[in-house]
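Reviewing the structure listed below.
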Amino acid sequence: MIILVKTSPDKAQRGYKMLQLNPSNIQLGQAHSNKLDAIRSIAADLTTKGLVDAGYVEGMLNRENQNSTFLGNGIAIPHGTTDTRPLVKETGVAVHHFAEGVDWGDGNTVYVAIGIAAKSDEHLGILKQLTKVLSADGVEEKLKSATSANDIIALLNGDVQFDADFDESTIQTQFPATGFVQLSAVAGGLLKNKGCADSDFISDIVAKEPTNLGKGLWLVSSNKAVKRTGVSFVSATDSFEVNGQPVKALLAVAACNGAHQSILEKLSEIVFKQEQDALANADAKQVLVKFGLAEAAADEAGANTVIYTIKNPHGLHARPGAMLVAEAKKFECSIKVANLDGDGKAVNAKSLMKVIALGVKCGHKLQFTADGADATQALEALGAAIDSGLGE
């Protein structure tokens, strides 16, 4: 696992070095009756490694008492409070594996705890690395049954694939194609650029006759020279015909495992509902929405949007982030938040993992968009919470 670690406060947005997780960071066969004992053991490990002074354990316990460090999918990231940062000698991690699990409270069981010694807000970088792992189905069971340090590293690093690679980088709409060779070559090239396959994969799908799914939508697949399972989608600027059948779009699958099955299930639903033409004429975002990989944009006419500036000295680390999410959860309306000083991508404001992973620093501007009957009240409450310091 490669962890992004901030190198200096004045480089909050881009000053990161890479911290490589290796087997020496991982302790297998750990067992504790409760999370506080587990945290004490992790703190002792950090101390033994020379990463922190002995008193750091109190900061880790205090941090856990403020808000749970459970993230989801059997993973927790116990770390100290801002008061104990001076006790950190060197940024690093200690990863403990609990095959039998540890009760982390609120019905949550942890199988892997990543103890963090952070001189600043490096845990935000770790959260960014864990985003895919935390959202994938099946991770928790894999972590539970892991038998080696390399198994755990592979899982945390995303080397064990749970979802097919399919995003806007593997979608090309309105391509000026006049035949299958062009569509297949572009579809294969997108998957090669994504790192899913090599040139032999492209040659294989170009030589194949795609399967007609009706209404201009076609499917082609191959397992030749595939490194990771991925899906690409290419639509043509103008529909053309092959053997009297209309062609408007091509879906290509590079398969080396079963990670694409959920996408094929969605594709079957699209065909069953006779929505092939809608997919063929969709833009990249709409394609992902069709496959359940993105949320449809809120109706701007009925949505409310405000921008607030974060004043917390250390940004939205775990505690203020949890306070913000708790405030958002008080309301029924849907609430999205985007870091305008980050990548600008909107996420669910009621998800702690997604909010913290935005990497919000002091002075960053957050754009909140709420849609629902109590949207106005929700945005006002969020503004008041931010102004009050989010519990700090």
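In this structure, Lys227 and Cys256 approach most closely via the heavy-atom pair O-SG, 3.6 Å. The minimum heavy-atom distance linking Ala146 with Asp151 is given by the pair CB-CB, 3.9 Å. Listed here is the closest heavy atom pair of Glu327 and Ala381: OE2-CB, 3.4 Å. Contact record, Gln276 with Leu213: NE2-O, 2.8 Å, taken as the closest heavy-atom pair. Here the closest non-hydrogen pair linking Val355 and Val325 is CG2-CG2, 3.8 Å. When all heavy atoms of Glu100 and Tyr111 are compared, the closest pair comes out as C-CE2, 4.1 Å.
Between Lys35 and Asp103 there is no salt bridge, since no side-chain N of the basic residue sits under 4.0 Å from a carboxylate O of the acidic one. The existence of a salt bridge linking Arg228 and Asp165 is confirmed by a sub-4.0 Å separation between a basic side-chain nitrogen and an acidic carboxylate oxygen. Salt-bridge formation is not detected for the pair Asp198/Lys192: no Lys NZ or Arg NE/NH1/NH2 atom is positioned less than 4.0 Å from an Asp or Glu carboxylate oxygen. By the 4.0 Å N-to-carboxylate-O rule, Lys290 lies close enough to Glu275 to be salt-bridged with it.
Taking 4.5 Å as the limit, every side-chain heavy atom of Lys144 sits out of range of all side-chain heavy atoms of Phe98. Here the side chains of Gln172 and Leu190 are in contact, with some heavy-atom distance below 4.5 Å. Side-chain contact between Val110 and Phe70 is present, with heavy atoms from C-beta onward closer than 4.5 Å. Annotation: side chain of Pro78 is in contact with side chain of Ile42 (closest heavy-atom distance under 4.5 Å). Val220 has its side chain out of reach of Val253: every pair of non-hydrogen atoms, C-beta onward, lies at least 4.5 Å apart. A 4.5 Å side-chain heavy-atom check between Ile310 and Leu316 finds at least one atom pair inside the cut-off. Annotation: side chain of Leu324 is in contact with side chain of Phe368 (closest heavy-atom distance under 4.5 Å). Within the 4.5 Å cutoff, side-chain heavy atoms of Leu279 are placed close to those of Leu217.
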Problem - Full working for side chain to side chain donor-acceptor pair (under 3.5 Å) between Asp167 and Ser169 - result: CA-CA 5 Å; Asp167 54 37; Ser169 69; 2.4 Å; yes

Problem - Residues Asn257, Gln161; criterion side chain to side chain donor-acceptor pair (under 3.5 Å); working and verdict - result: CA-CA 8 Å; Asn257 51 46; Gln161 192 174 15; 3.2 Å; yes

Practice task
Please step through side chain to side chain donor-acceptor pair (under 3.5 Å) for the pair Glu380 and Thr376, ending with a clear verdict.
Solution key: CA-CA 6 Å; Glu380 289 175 352; Thr376 301; over 6 Å; no

Problem - Worked verdict on Thr81 versus Asp83 for side chain to side chain donor-acceptor pair (under 3.5 Å) - result: CA-CA 5 Å; Thr81 60; Asp83 293 340; 4.7 Å; no

Practice task
Could you give me the CA-CA distance, side-chain angles and deciding distance for Lys248 and Asp277, then say whether salt bridge (charged side-chain N to carboxylate O under 4.0 Å, His left out) is met?
Solution key: CA-CA 8 Å; Lys248 177 61 178 175; Asp277 49 355; over 6 Å; no

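A side-chain donor-acceptor contact under 3.5 Å links Ser268 to the backbone of Leu264. For the pair Thr237 (side chain) and Gln174 (backbone), a donor-acceptor distance under 3.5 Å is present. For the pair Thr48 (side chain) and Ala44 (backbone), a donor-acceptor distance under 3.5 Å is present.
Here Tyr56 contributes atom OH and Leu87 contributes atom CG; the two are 8.5 Å apart, rounded to the nearest 0.5 Å. Considering CD1 of Ile205 and CG of Leu191, their distance stands at 7.0 Å, rounded to 0.5 Å. The CD1 atom of Ile335 sits 6.5 Å away from the CG atom of Leu379 when rounded to the nearest 0.5 Å.
Each of Gln30, His96, Arg40 was compared with Asp45 under the side-chain hydrogen bond (donor to acceptor under 3.5 Å, both in side chains) criterion, and only His96 meets it.
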